[in-house]
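Hydrogens, waters and symmetry mates are skipped; everything else that's a heavy atom, side chains included, is used. A quick note: this is a predicted structure, and the numbers were derived from the prediction, not measured.
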Amino acid sequence: MPSPVRPAGLDLGFSGYGNNDIWTDGLPTCPLSGVGMSANQVYREDGTPCSAHEYEDRSIHFCLDRENQTYLYAVFDGHDGAKAAYFASQRLPAELSFEQITPKSSKEKVREVFATAFHAVEEAFLESIDHCIAERTQLLDKIPEDMPQVEAARKFPETLERLQELEKQIRCGTTAVVALIHGGVLYVGNLGDSRALLCKKDKCGVLKVKQLSRDHTTSSHEELQRLAALGLHRHKIEGVRLGNHEVTRCIGNYFLKGGYKEFDILSPASTEPVISTPHIDVVPIDDSCSFLLLMSDGLFKSYQEATGSDQVNKEIAQMVVEQFVDQATLTSVAQTVVDKVVRLHHDLFLTRQNNLSGRDDITLVIRNFSFSGARSPAAAAALPASPSSAPQAPVADNLETASSDEEGTTEAASASDAGVSDQTSLQSSSNASIFHTSSTESSDLHRPSLNPLQLDEDGRIDSYVSFTPYYQALKEARQNDVITESQMQFYL
């Protein structure tokens with residue numbers, strides 16, 4: 001099995017990996033997928049970009065077996081460094097390759113291999129830091145247990161410095177949301193609070209969003225029940241941050257697992273409270289499946305903070321649908337959605353309507369199944385102008401747990417109210433209509449932006465946008481000190 005261990009000295013930053021040093025470079029990427037991302041940001045009054053830490057998310061979108069249509073997608077949201085997220089992004093494809101899954105594998109066998117892969121990655125990662133744990137134990141023995149920290153820093157400065165370096169590596173961990181496609185079946189597993197959303201059409205052609213993952217945090221009712229069964233007090237741990245995050249399931253983070261007795265809040269547990277057992281959902285892929293979204297919590301939490309919405313899943317899916325029409329590639333779709341959320345979040349900071357100080361890393365992976373909005377540039381250029389009106393069908397929201405056999409969705413409107421027909425539309429909150437079909441891919445899309453431009457007698461385009469309201473709002477914002485004089489240059 002190829003080793004997932006990164007060669008020494010290879011950069012782990014946002015700028016990317018050394019292509020010659022990654023074994024997964026030999027795996028073909030899936031052409032039906034796209035990725036968008038944005039590094040974390042600390043907001044500054046002068047607008048200068050500033051990150052709190054390196055980019056800690058990682059993602060994959062591979063074709064493991066083209067002949068048998070086996071694909072693998074994942075988002076890993078690292079914490080306390082990118083090491084665990086990078087390790088998982090390299091090791092997981094190895095655990096699911098090399099004939100562990102064959103065309104003859106039953107659904108039960110694939111599910112078993114899929115679940116085992118999470119534990120295998122966890123064990124391999126903890127083994128990779130065994131030497132750090134052992135060295136830390138040896139160094140701690142050199143410092144008297146009852147010695148005050150100030151005195152220890154004076155007498156053992158080099159030892160404490162080395163301990164800090166070791167503890168950073170030992171504390172490193174990652175969430176995981178993983179999707180495996182094999183034999184026409186979608187397998188989704190997750191640890192932590194990264195999410196998987198499946199957008200499907202119902203019998204009337206209305207798009208519905210179903211969350212296939214579960215949020216494993218100290219705010220989750222099910223996780224709090226699990227922790228209480230281990231002897232922890234629910235009222236003490238509910239909503240509490242475990243280090244710098246709230247996740248109760250992850251890969252890595254030894255301190256919250258083998259070393260959990262060192263934490264007063266976790267020490268009463270009868271066994272390790274933070275685990276690597278994934279939640280798994282299995283969904284047959286049929287014509288109703290439109291597209292799949294995998295995302296780190298930075299996306300939906302930033303959107304929720306920026307908008308105050310209680311229908312985050314639905315509205316993010318709506319944004320994706322809109323960009324399917326406007327963008328030529330799936331990567332452009334994903335990146336545009338990420339950029340929009342980033343801008344919404346930063347705009348809220350600029351208006352000073354919230355005490356926002358920054359946001360986390362954001363990653364979004366899109367896998368298209370049958371949504372007909374995705375078009376090549378050549379096809380899009382030939383699209384006719386949009387009709388003056390078209391029936392509208394909303395995106396309904398479904399946040400039911402993935403273990404349920406019944407979808408039990410609540411539609412935003414009935415099929416008759418939405419005017420659903422062979423060609424359906426989705427309406428965004430900004431009243432910008434977009435159009436897609438619920439039938440075949442050969443159906444036409446319509447984009448008003450592709451109308452031929454009319455020139456005047458001098459060969460110039462007549463103005464069709466008035467910027468007067470914009471400049472008036474900008475002037476008022478400056479007068480009210482919403483933006484500073486130095487920031488004006490960014491808006492002119």
Side-chain angles (χ1 to χ4, degrees), residues 30-34 61 63 65-73 103 106-107 110-111 179-188 196-213 281-294 313-314 316-318 320-325 327 329-330 333-334 365-376 379 383 390-400 402 404-416 418-426 434-446:
C30 171
L32 300 175
S33 62
H61 51 127
C63 175
D65 186 341
R66 194 181 303 277
E67 181 179 353
N68 294 304
Q69 299 294 297
T70 302
Y71 300 92
L72 181 66
Y73 315 88
S106 65
K107 186 184 299 185
V110 174
R111 181 184 178 122
L180 173 69
I181 296 176
H182 178 76
V185 179
L186 172 64
Y187 303 83
V188 172
L197 308 180
L198 179 62
C199 199
K200 300 181 66 176
K201 297 187 294 286
D202 66 6
K203 295 179 181 180
C204 298
V206 176
L207 286 173
K208 297 183 178 181
V209 180
K210 183 176 183 180
Q211 182 172 325
L212 301 182
S213 58
D281 195 13
V282 181
V283 180
I285 300 173
D286 54 30
D287 292 340
S288 68
C289 295
S290 291
F291 56 87
L292 174 72
L293 305 178
L294 304 181
N313 289 352
K314 171 186 172 181
I316 289 178
Q318 177 72 62
V320 171
V321 169
E322 293 173 358
Q323 296 309 315
F324 262 126
V325 176
Q327 305 301 324
T329 68
L330 286 166
V333 172
V365 173
I366 300 176
R367 204 307 188 164
N368 189 28
F369 292 115
S370 62
F371 190 74
S372 56
R375 294 282 173 166
S376 66
L383 297 180
Q392 301 172 356
V395 175
D397 195 19
N398 176 11
L399 302 182
E400 187 174 343
S404 175
D405 293 330
E406 297 181 1
E407 292 193 6
T409 60
T410 303
E411 296 184 14
S414 67
S416 58
V420 176
S421 63
D422 288 341
Q423 176 172 282
T424 61
S425 68
L426 290 88
I434 59 172
F435 306 93
H436 73 90
T437 72
S438 58
S439 54
T440 65
E441 291 187 1
S442 60
S443 301
D444 288 333
L445 296 173
H446 304 285

Audit row: Leu330, Phe291, side chain to side chain contact (heavy atoms under 4.5 Å, CB included) steps and yes/no: CA-CA 11 Å; Leu330 286 166; Phe291 56 87; over 6 Å; no

Minimum-distance pair of heavy atoms, taken over all atoms of Val333 and Val320: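 That closest heavy-atom pairing would be CG1-O, 3.9 Å.
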
Nearest heavy-atom neighbours spanning Cys289 and Ser370: O-OG, 2.5 Å

Side-chain (Gln211) to main-chain (Ser213) donor-acceptor, under 3.5 angstrom: yes

Check: Phe371 main-chain N/O paired with Ser290 side-chain donor or acceptor under 3.5 Å: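 Not at all, since once roles are kept as given, no pair shorter than 3.5 Å links the two residues.
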
Give, for atom [atom1] of [X] and atom [atom2] of [Y], the distance between the pair rounded to the nearest 0.5 Å.
{"X": "Cys199", "Y": "Asn313", "atom1": "SG", "atom2": "CG", "value": "10.5 Å"}
{"X": "Gln318", "Y": "Leu207", "atom1": "CD", "atom2": "CG", "value": "8.5 Å"}
{"X": "Lys200", "Y": "Lys210", "atom1": "NZ", "atom2": "NZ", "value": "7.0 Å"}
{"X": "Leu197", "Y": "Leu292", "atom1": "CG", "atom2": "CG", "value": "8.0 Å"}
{"X": "Leu198", "Y": "Leu294", "atom1": "CG", "atom2": "CG", "value": "10.5 Å"}
{"X": "His182", "Y": "Thr70", "atom1": "NE2", "atom2": "OG1", "value": "5.0 Å"}

Residues which pass side-chain hydrogen bond (donor to acceptor under 3.5 Å, both in side chains) with Arg111, listed by chain and number, not counting sequence neighbours: none

side-chain hydrogen bond (donor to acceptor under 3.5 Å, both in side chains) partners of Asp286, counting only residues at least two apart: Ser288

Student check: side-chain heavy atoms of Leu186 and Tyr73 closer than 4.5 Å: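 Side chain of Leu186 against side chain of Tyr73, heavy atoms only: no contact under 4.5 Å found.
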
Side-chain touch Ile285/Ile181, heavy atoms, less than 4.5 angstrom: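 Touching, per the 4.5 Å side-chain cut-off.
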
Pair Val283-Val188, side chain to side chain contact (heavy atoms under 4.5 Å, CB included): steps then yes or no: CA-CA 8 Å; Val283 180; Val188 172; over 6 Å; no

